[in-house]
S.K.: 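Before anything else, here's the structure in question.
Being a predicted model, the structure only gives us computed values, none of them experimental.
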Amino acid sequence: MLRTFIVVVLPHITIAGMLWPKVCTDSTTKGMPFCDMSLDLDARVADYVKRLPAELKPGMMSNGASAVPSLNIPMYQWGSEGLHGPLLGCVTDPITNITKCPTSFPAASASATSYNDTLFQLIGRAIGVEARAINNLRNHTSQNVYGDGLDYWSPTINMQRDPRWGRNQEVPGEDPILTSRYAENYIHGLQEGEDPDHVQIIATCKHFIANSLENWNGVTRHNFNAIVPDDDLADYYSVAFKACVTQGNALGIMCSYNAVNGIPMCANTKWLQGTLRDTWKFPGYVTSDCGAISNIFNGHGYAKDAPTAAALGVKAGTDCDCGSVYKNSLDQALNESKVSMADLDQALSRLARMQMKLGLFDDKTKQPYFNYGIDKIDSAEHQQLALEASKQSIVLLKNSGILPLKPGKTLAVVGPQLNATEDLLSNYHGARCADNSFNCIETPLSAIQKMNAGGKVLSAMGCTPTGPTTPASITDVLSAARAADTVVFVGGINQLLEREGLDRISTELPGNQSALLQAVLALKKPTVLVLINGGTISLGPLKDSAPAIIDAFYGGEMAAEALASVLFGETNPSGRMAATVYPPEYVNQIPLTQMAMKVPPGRTHLYYTGNPEFKFGDGLSYSTFESSLQSQSAQTVEASSASTVTFTVRVTHTAGPSGKHTILAMWRPINNSQIPVLRQKLFDYKSVFLQEGEMQCIVFELKVLESLGVADVNGDRYVNPGHYEVFFLDGKGEVTPTHFQVVGRHLIEEYAF
């Protein structure tokens, strides 16, 4: 979905009112069964759908759903976003005249590096609260446009399978278990609030499924046929979506533009009905990505025309068309008997059920969500949460002893992102400043200046993220660097290089950044390289020559303050990489269109056989921690058992400031012919916060049936016999390895894709 045209340019909304204020309140409808809150939901939905005029039904299945005047039902907009904050403009309270703008949290690729399930849920909860408050302060008559509804097309839970994908910034890393836990917790936060009878905001997991290509070598997301082996569908691409439904209880799913093994996803009955609804028991609604129904015939050529595409979409289980194909072509499809009225009613029933769960048909005076006001938006609590999230997302990748910095010195802050503001917010962000600018966002330069009390800060940009240098700009940078005790080079990428619709060709620093950084490093000054990015950046020789490296990602509205806090040691860095950083040549070794995970040199930490620049799970601290295995509950387990093997790891803080220490629990097969390619697999992660000298034990659980299942070539998932190694990643490498044995072979789940 390309939504850049509605970001931050929205004017302030000063004529406010709750959504659908008069539904089920007028004398003509309030006595109808669909308005009767004492009836069960099924009865209310059935009564409502049977009253809908047939001629209006196609228009009600578009994202800008038609009104139903006979029932006093207004228009409804299904499309809204909240990947890391509401994608909405600022709002003004008409009584107090106070203006507030939505909080912008770190991008998902940043937040994931915290490995903090509680943080994921708190961010989701804050977004849900602000979404409701902003919705109550909108003018729903004049602004019945994208963003006006109460279901959010978030989170994005596709996988960072390739560093070139332009939307890596939207997703929580490359690992299916981490992504699953992110999804589960974010969804609980977004959907669940203080009202037990109604949903706060509907979460919609996207893009279902195997979607991670925008535009590469003449192939676009609108015509891409993702050829995916069955074992990769089972073990990799579907895992987070299953968790979204079965663990997170999400009420929305968005089907993707691409086809999977020949069938466009929004017309894919096998996935939308067979897997999603029949196997996973999904109770919610499915929307298309915007234009994906049109792609069924225009992009993929799977249908001969629009009416056929509309019929295929509806019958497969796509209830809502973000586009105009349903609205314009379902009547013809009905006349040609390609789809039935019963098919439309089934889709409309699912849509109505969601609206009723949101409380749109109930007494709004008794619902807390419809009474949220301006005080809920960008509150001090949410600002603090954004700061904490940004701090926890920063990853210290290398430190040759120059960090943390000491205040009072002369610093040179150089590089193209030293004055970044909007670039810190990632994509899909809302308005941030009341004047519709981004000038209220603190820059890295400003934050560093504030933190360097008693010292001096010199600065020179040198170039833009994508632009060239000039002799004068290089001279300015080098002059500042020579005069400084320490240099902080703030570089990276932005939405000109990675975004929806745009994949990267190279994963190295773009433009003249590498040459500029090399010139700075040649001065042999203590230099810290700070990266601003969504997808990972390959450094090549710069990795070895830079004394210190920080990946700050797109850290949201509080990114600069968080960065300065880490640089000066006010915050002890604790982030762990959620994606592999490949060497620059990786992009020439495997095409972006190759969806198979195991094709050499392999993809992600699960299968990559090369030498990464930085590994999944890497991340340093200013402290020293030691880990040791204290106990293991079993040495041998039956493949068919529902047992759990526990591993108790003792962590001791031996030196340095207090800090958070995260450990990732992994397993790998040992010489197992039935699992020949898998290198390692994450099964758990936990953190402790310790002062120097403190010790704490962490218990990790390996659930045999849940954690050890691996799909065969047919997609059937088994627990396989043999010897296994369990080890732990502490940010610097593998620690405390141990072993256990599985006896027998057990089928967990048959092919369902």
S.K.: Which of these passes side-chain contact (heavy atoms from CB on, under 4.5 Å) with C266: S294, S288, S256?
M.R.: S288
S.K.: For Q77 and N63, which I'm curious about, is there any donor-acceptor pair between the side chains at under 3.5 Å?
M.R.: yes
S.K.: With sequence neighbours left out, what residues match T103 under side chain to side chain donor-acceptor pair (under 3.5 Å)?
M.R.: E130, D378
S.K.: T318: which residues meet the side chain to side chain donor-acceptor pair (under 3.5 Å) condition with it, sequence neighbours left out?
M.R.: none
S.K.: Can you sort out the partners of K22 under salt bridge (charged side-chain N to carboxylate O under 4.0 Å, His left out), two or more places apart, ordered by chain and number?
M.R.: none
S.K.: Under the disulfide (SG to SG under 2.5 Å) rule, collect the residues that match up with C320, sequence neighbours excluded.
M.R.: none
S.K.: Determine all donor-acceptor pairs shorter than 3.5 Å in which one atom belongs to a side chain in residues 116-127; sequence neighbours excluded.
M.R.:
unit_1: N116; atom_1: OD1; unit_2: T118; atom_2: N; d: 3.1
unit_1: N116; atom_1: OD1; unit_2: L119; atom_2: N; d: 3.0
unit_1: N116; atom_1: ND2; unit_2: Q392; atom_2: OE1; d: 3.0
unit_1: D117; atom_1: OD1; unit_2: Y685; atom_2: OH; d: 2.5
unit_1: D117; atom_1: OD2; unit_2: R181; atom_2: NE; d: 3.0
unit_1: D117; atom_1: OD2; unit_2: R181; atom_2: NH2; d: 2.9
unit_1: Q121; atom_1: NE2; unit_2: N185; atom_2: OD1; d: 3.3
unit_1: R125; atom_1: NE; unit_2: G189; atom_2: O; d: 3.0
unit_1: R125; atom_1: NE; unit_2: E192; atom_2: O; d: 2.6
unit_1: R125; atom_1: NH2; unit_2: E192; atom_2: O; d: 3.1

S.K.: Check whether the side chains of S426 and Q169 place a donor and an acceptor atom closer than 3.5 Å, and report yes or no.
M.R.: yes
S.K.: For the pair K357 and D197, find out whether any cationic side-chain nitrogen is under 4.0 Å from an anionic carboxylate oxygen.
M.R.: no
S.K.: Does any pair with a residue in residues 301-335 pass ring-ring contact (aromatic ring centres under 6.0 Å, His included), and if so which ones, sequence neighbours excluded?
M.R.: none
S.K.: Only one of Y152, Y146, Y285 passes ring pair (Phe, Tyr, Trp, His ring centres under 6.0 Å) with W78; say which it is.
M.R.: Y285
S.K.: If we ignore hydrogens and angles and just use 3.5 Å, is the side chain of N225 paired with the main-chain N or O of G262 as donor and acceptor?
M.R.: yes
S.K.: For E170, which residues count as a salt bridge (charged side-chain N to carboxylate O under 4.0 Å, His left out) partner, sequence neighbours excluded?
M.R.: R167
S.K.: So, are R138 and D148 salt-bridged, with charged N and O less than 4.0 Å apart?
M.R.: yes
S.K.: Does atom CD of E336 have more than 12 heavy-atom neighbours, drawn from other residues, nucleotides or ligands, at distances under 6.0 Å?
M.R.: yes
S.K.: Would the distance check show the side chain of N371 and the main-chain N or O of Q367 forming a donor-acceptor pair, the cut-off being under 3.5 Å?
M.R.: yes
S.K.: Can you name the residues that form a salt bridge (charged side-chain N to carboxylate O under 4.0 Å, His left out) with K242, not counting sequence neighbours?
M.R.: E749
S.K.: Taking only residues two or more places apart in sequence or in another chain, which ones pass salt bridge (charged side-chain N to carboxylate O under 4.0 Å, His left out) with D232?
M.R.: K598
S.K.: Can you find a heavy atom in the side chain of L360 that is under 4.5 Å from one in the side chain of F370?
M.R.: yes
S.K.: Sorted by first residue and then second, give each salt bridge (Lys or Arg N to Asp or Glu O under 4.0 Å) pair with at least one member in residues 55-64; sequence neighbours left out.
M.R.: K57-D345
S.K.: Taking C-beta and beyond as the side chain, do W271 and L233 meet within less than 4.5 Å on heavy atoms?
M.R.: yes
S.K.: With a 6.0 Å cut-off on ring centres, are W280 and F241 close enough?
M.R.: no
S.K.: Given side chains that start at C-beta, do those of F34 and R51 come closer than 4.5 Å, heavy atoms only?
M.R.: yes
S.K.: Test of understanding: with side chain to side chain donor-acceptor pair (under 3.5 Å), list the residues that count as partners of D375, not counting sequence neighbours.
M.R.: none
S.K.: Charged N to carboxylate O below 4.0 Å: is that the case for R717 and D235?
M.R.: yes
S.K.: Find out whether the Lys NZ or Arg CZ of K206 is both under 6.0 angstrom from the six-membered ring centre of Y428 and within 45° of the ring's axis.
M.R.: yes
S.K.: Give every residue pair that meets the salt bridge (Lys or Arg N to Asp or Glu O under 4.0 Å) criterion with at least one member in residues 346-356, sequence neighbours excluded.
M.R.: D42-R353, D319-R350
